[in-house]
**Q** 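Dropping the structure in here first, questions after.
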Amino acid sequence: MLLGTVLVLLLAGAAPASAHAALRGTDPDDGSVVKRAPRHVTLTFTESVGLLDDSFRVFGPDQRRVHTDEATHADGRSDTARVGLPGKLAQGTYTVAWRVVSADSHPVSGAFTFSVGKPSATTGQIDTGPTEDPLTGGLHDAARYLAYLAAALLVGLAAFALLCRPANTSPLRKPLVAAWWTLLGSTVVLLLLRAPYETGTGPAAAFDAAALGRTLTGRPGEALLARLVVLLLMAAFLIRLSRRRVPEERPAVLAVGTALAAALGLTWAAAEHASAGIQVPLAMTSSVLHLLATGVWLGGLVALLLTLRRSAGDDLLEVVPRFSRIAFTSVTVLAVTGVYQSWRGLGSLSALTGTSYGRLLLAKVAGVAVLLLVAGYSRRWTRRIAAPAAVTRAAVHERVPQPVGAPALHHELEELREAEELQGTEEARESDEPRESRDSGASGASAEEPSASDGGRDTRRLLRRSVLVEVVVAAVVLMITTVLTGTLPGRAQAEAAQQAPAGALPPTTQATVPFDTGEGTVTGRGTVQVTLDPARVGENGVQAVVYGSDTGLVVVPEVRITFTLPSRKVGPIDAELTDLGGYWGTNSVNLPLAGNWTMKTTVRVSEVDQVSVERKVRIAP
């Protein structure tokens, strides 16, 4: 019931999309020159986005902010953002700064330019507003890491106490309480910092009542509120468990504890990468299992370390083997869910080394590999500790008559075999000692020979050291994971680069054509930025802006552009550009057929110096 309630609360209105929003296109296009002032500016993203009060900031040629309407979604599509512009815009270059919140709770921002009539002759540096306040970003990242760490400890310590059943749980109580309070505090901090984190402002904005109200009605805010509710339920569960522990109630206790842990994991999965993209239900299930397995393993390591320092040797003979089996199951779950989530986030093998997400993932895999290597040594010492218990249990089973046809005790026999192997190793080592040393040891004459209890203490000390190393490496891996959850996945990055928004102009409507006449002047070498609008069959507009070698606008005697369709033997069609005062253009180029046309751009910089460059452009039907 609890899981269903939390799931409905957090997933209401969720729509499949590509995790971590990336900009797919703008209208007007970035860097384009339009003949008439647009009525609005529209952005299209790879996933649904949330809008802020200040999602758009538009600055005119005079570098002053232009008054705009309230930001909305274009045509009701949640993956778009649109803002209306004034009826009259002056000629020149406009800068649009934007900021939205992606479906996985991370804010994304950027800026682009477009020109009305012709580009401004000079453009100064425009302050487009905040992108991210360093202090807010640092505090938010620190709170996220503490939340992950505290959740792992809380789940792991509780699971260790319930599943491994140590006789003395007092060493776990203070860390368990500290983990609960840390998770509670970090969740409150994340809730308060949510508004300034989204808007890129300082931490003082956290106490703005209106901003906090907007946070509480958004999906990330609802997830954090749900986490607080789950934490209160967990506190009541742990308090009741510490006061009353009836063995017959263990299945019910485990069921309630598992449900609470899963609900806690859902508060992360419902507001991060798993909540948007392909296969959302499967991704969220995988994310919850991954979080729980991480907590059971890493938090259990801390619990084991505390138990090794405080508990008696006899108790460890039962506790350590139990945790070893639980840890193995956790690692198996981590491997399966980790492979799936990596595939979902990367999308391709090339993204493994070609994106920040892929490189961070490689660093995490390397950390996990080191963790498993150290865990192998811990398992070796665990088997030595478990050996006496296995021998004792096997001896008891030999003495107690078993009914005919009783099932074989496979795991007990396996432990007995391991114990015998370990004892055989010790006997082989002792056989290499001088005979007189063995004789004196057998007769009790030597007082220097270590006792069995000394050997047990040495084994526990080695196990403590290896577990401590595991805990340190695990903390580093968890830190990498925190950074990874805030990084644009490779799949979303590829989608942003390859896909064009529905209804937008084809990606080849704008081309940058470099030229070099060999003349050693500013105008002898540079680029021509050609915009073809709308790059479809029929009448098209062409604008060409010439930049010199110093990237500044330059005036040239002539720019000529012709179009040829070799596959259909059409052309050349002369665009017949005219000088429009700073750039060359026309609005009457008729391109009658769809296909890949050859655009030949000729730039003449003097009476005798000119150069021609050809580029392919696509004309849509």
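Note that the structure is predicted; figures quoted are calculated from it, not measured.
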**Q** Mind listing the closest non-hydrogen atom pair of Leu191 and Gly221 along with its distance?
**A** CD1-O, 3.9 Å
**Q** Does Thr307 use its side chain to pair, donor to acceptor, with the backbone of Ala303 at less than 3.5 Å?
**A** yes
**Q** Minimum heavy-atom separation for Leu176 and Ala158, please, with both atom names.
**A** CD1-N, 4.0 Å
**Q** Would you say that Thr44 contacts Leu23 through its side chain, given a criterion of any heavy-atom pair below 4.5 Å between the two side chains?
**A** no
**Q** Could you tell me the separation between the CG atom of Leu154 and the CG atom of Leu149, rounded to the nearest 0.5 Å?
**A** 11.5 Å
**Q** Who passes side chain to side chain donor-acceptor pair (under 3.5 Å) against Asp141, sequence neighbours left out?
**A** none
**Q** Quick one: closest heavy-atom pair of Ala179 and Leu153, and the distance?
**A** CB-CB, 3.9 Å
**Q** Between Leu306 and Leu172, is any pair of side-chain heavy atoms under 4.5 Å apart?
**A** yes
**Q** Tell me, do Pro220 and Thr215 make a side-chain contact under 4.5 Å, heavy atoms counted?
**A** no
**Q** For Phe160 together with Trp297, are the ring centres under 6.0 Å from each other?
**A** no
**Q** What orientation do Tyr197 and His140 show, parallel under 30°, tilted 30 to 60°, or perpendicular over 60°?
**A** parallel
**Q** How far apart are the closest heavy atoms of Leu163 and Arg322, and which atoms are they?
**A** O-CD, 4.1 Å
**Q** For His290, give me all partners under side chain to side chain donor-acceptor pair (under 3.5 Å), at least two apart in sequence or on another chain.
**A** Thr337
**Q** Using a 3.5 Å distance criterion without hydrogens, assess whether the side chain of Ser330 forms a donor-acceptor pair with backbone atoms of Val296.
**A** no
